[in-house]
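Below you'll find the structure, written out as structure tokens, and then a few comments.
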Amino acid sequence: MNSVLNFGSINIDHVYRVDHFVRPGETLNCRDYHRFAGGKGLNQSIALAQADASVVHAGKLGAGDGWLKTLMAGKGVDTRFVETVDGPSGHAVIQVNSAGENAIVIVGGANRLIDENDVQRILAGFGPHDYLLVQNEVSAVPQILLSAKAQGMTVVFNPAPMTLEVPDYPLDRVDILIVNTVEAHSLTGESEPERICEIFRRRYPHAAMVLTLGSRGAIYCNPQMQIHQPAEQVNAVDTTGAGDTFIGFFLAELIRSADPNSALAFASRAAALCVTRQGAADSIPHRTEIEMPITE
Ligand code: RIB
């Protein structure tokens with residue numbers, strides 16, 4: 001069976017529901033406050049597991065936050081490489097406005113303590129049948145991309161959050177790049193999806209790209225094909241984790257079916273369900289729910 005090794009962040013999300021995002025100089029009361037499990041890495045691992053993929057998570061958290069590891073294991077994620085450190089876990093401060101949009105500040109904490117030794121030690125057990133997934137919330141991303149490709153793995157990169165360093169990463173080692181329009185603009189200088197796909201194909205003729213367009217859906221492109229999947233229209237309560245849900249379900253279904261059409265449709269339905277619920281990891285649906293009509 002193909003496994004996905006996800007080198008990913010593990011965060012505690014502090015979520016503040018507000019009427020509008022706080023403005024410079026303003027002090028704002030929130031409507032409510034919740035603490036959730038999150039992190040793009042943790043969310044994507046849980047999405048993969050709930051979409052029935054075999055997923056091994058590699059990441060770090062503070063010694064007092066074992067509940068996050070227990071939660072992941074309970075959702076079906078293999079947590080043998082989730083390791084504890086003496087410092088604090090990563091966390092996120094998230095405002096969610098009345099339209100369900102979010103504004104996020106992250107603090108790396110333990111997520112930034114992954115080093116080259118961890119990368120070599122953990123990757124040693126994986127090979128050409130396996131997938132490597134990584135986002136941009138952990139340290140050592142360039143080493144992860146280089147070493148995973150050297151092991152013959154299929155490399156999937158979600159450069160979120162985008163930073164100034166990403167264009168200098170070894171992106172030629174990436175087999176599937178998953179970006180939103182903001183990230184794609186930073187990499188290509190273009191905003192128009194057709195132009196983004198054109199540039200991507202020219203630069204990386206061996207690779208595929210998934211371009212997520214929010215309420216306009218998503219595009220899959222490689223040198224041979226381009227597919228557009230419209231988004232399902234739902235009333236968004238909280239969009240946090242929707243991108244992560246999309247990625248986990250897309251990859252799980254691509255591995256299962258080898259069909260990007262069905263992977264896009266499956267992912268789009270999962271993301272639509274996710275935005276009708278509060279929180280990040282807590283709002284990720286299970287594969288069995290994808291078949292049912294969405295109730296809001
Ligand atoms: O993609 C959503 C995630 O981004 C949140 O769970 C938060 O932790 C940040 O990493």
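Note that the structure is a prediction, hence the values are computed from the model and not measured. Nothing fancy with the numbering, it's 1 onward along the sequence. Whatever order the structure lists them in is the order used to number ligands and atoms, beginning at 1.
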Quiz prompt | His34 and Phe36 aromatic ring geometry - parallel, tilted or perpendicular at 30°/60° bounds | solution = tilted

Exercise. Looking only at protein heavy atoms, identify the closest one to atom 7 (C) of ligand 1 and say how far it is in Å.
Key: Asp13 OD1, 3.3 Å

Self-check item: Those atoms of ligand 1 less than 4.0 Å from some heavy atom in Gly38
Solution: 6 (O), 8 (O)

Self-check item: Min N/O separation Gly39 to ligand 1 under 3.5 Å
Solution: yes

Quiz item: Closest non-hydrogen protein atom to atom 4 (O) of ligand 1, residue and atom name please, with distance?
Solution: Lys40 NZ, 3.1 Å

Quiz item: Which atoms from ligand 1 have a heavy atom of Ala92 less than 4.0 Å away?
Solution: 7 (C), 8 (O)

Quiz item: Do the side chain of Thr276 and the main chain of Leu273 share a donor and acceptor less than 3.5 angstrom apart?
Solution: yes

Self-check item: Residue of the set Thr70, Thr84, Ile12 for which side-chain contact (heavy atoms from CB on, under 4.5 Å) holds with Asp65
Solution: Ile12

Exercise. Kindly check if the number of other-residue, nucleotide or ligand heavy atoms within 6.0 Å of CG (Asp32) is above 12?
Key: yes

Exercise. Indicate yes or no: does an N/O atom of Thr240 lie under 3.5 Å from an N/O atom of ligand 1?
Key: no

Quiz item: Is a side-chain N or O of Asn222 found less than 3.5 angstrom from the main chain of Met209, in a donor-acceptor match?
Solution: no

Quiz item: What atoms of ligand 1 come within less than 4.0 Å of a heavy atom belonging to Glu137?
Solution: 4 (O), 9 (C), 10 (O)

Quiz prompt | Nearest-contact summary for atom 3 (C) of ligand 1 - protein heavy atom, Å | solution = Asn43 ND2, 3.7 Å

Exercise. Indicate yes or no for a side-chain donor-acceptor contact from His206 to the backbone of Asp172 under 3.5 Å, with no hydrogens or angles considered.
Key: yes

Exercise. Quick one: sort the His91 and His14 rings into parallel, tilted or perpendicular, breaks at 30° and 60°.
Key: perpendicular

Quiz item: Short list, please: which atoms of ligand 1 are under 4.0 Å from a heavy atom of Ala280?
Solution: 6 (O)

Quiz item: Backbone, side chain, both or neither: what part of Leu42 comes under 4.0 angstrom of ligand 1, heavy atoms only?
Solution: neither

Quiz item: If only atom types and distance count, is the side chain of Gln226 paired as donor or acceptor with the main-chain N or O of Cys221 below 3.5 Å?
Solution: no

Exercise. Determine, considering heavy atoms only, which of Asn11, Asp244, Val105 sits nearest to atom 2 (C) of ligand 1.
Key: Asp244

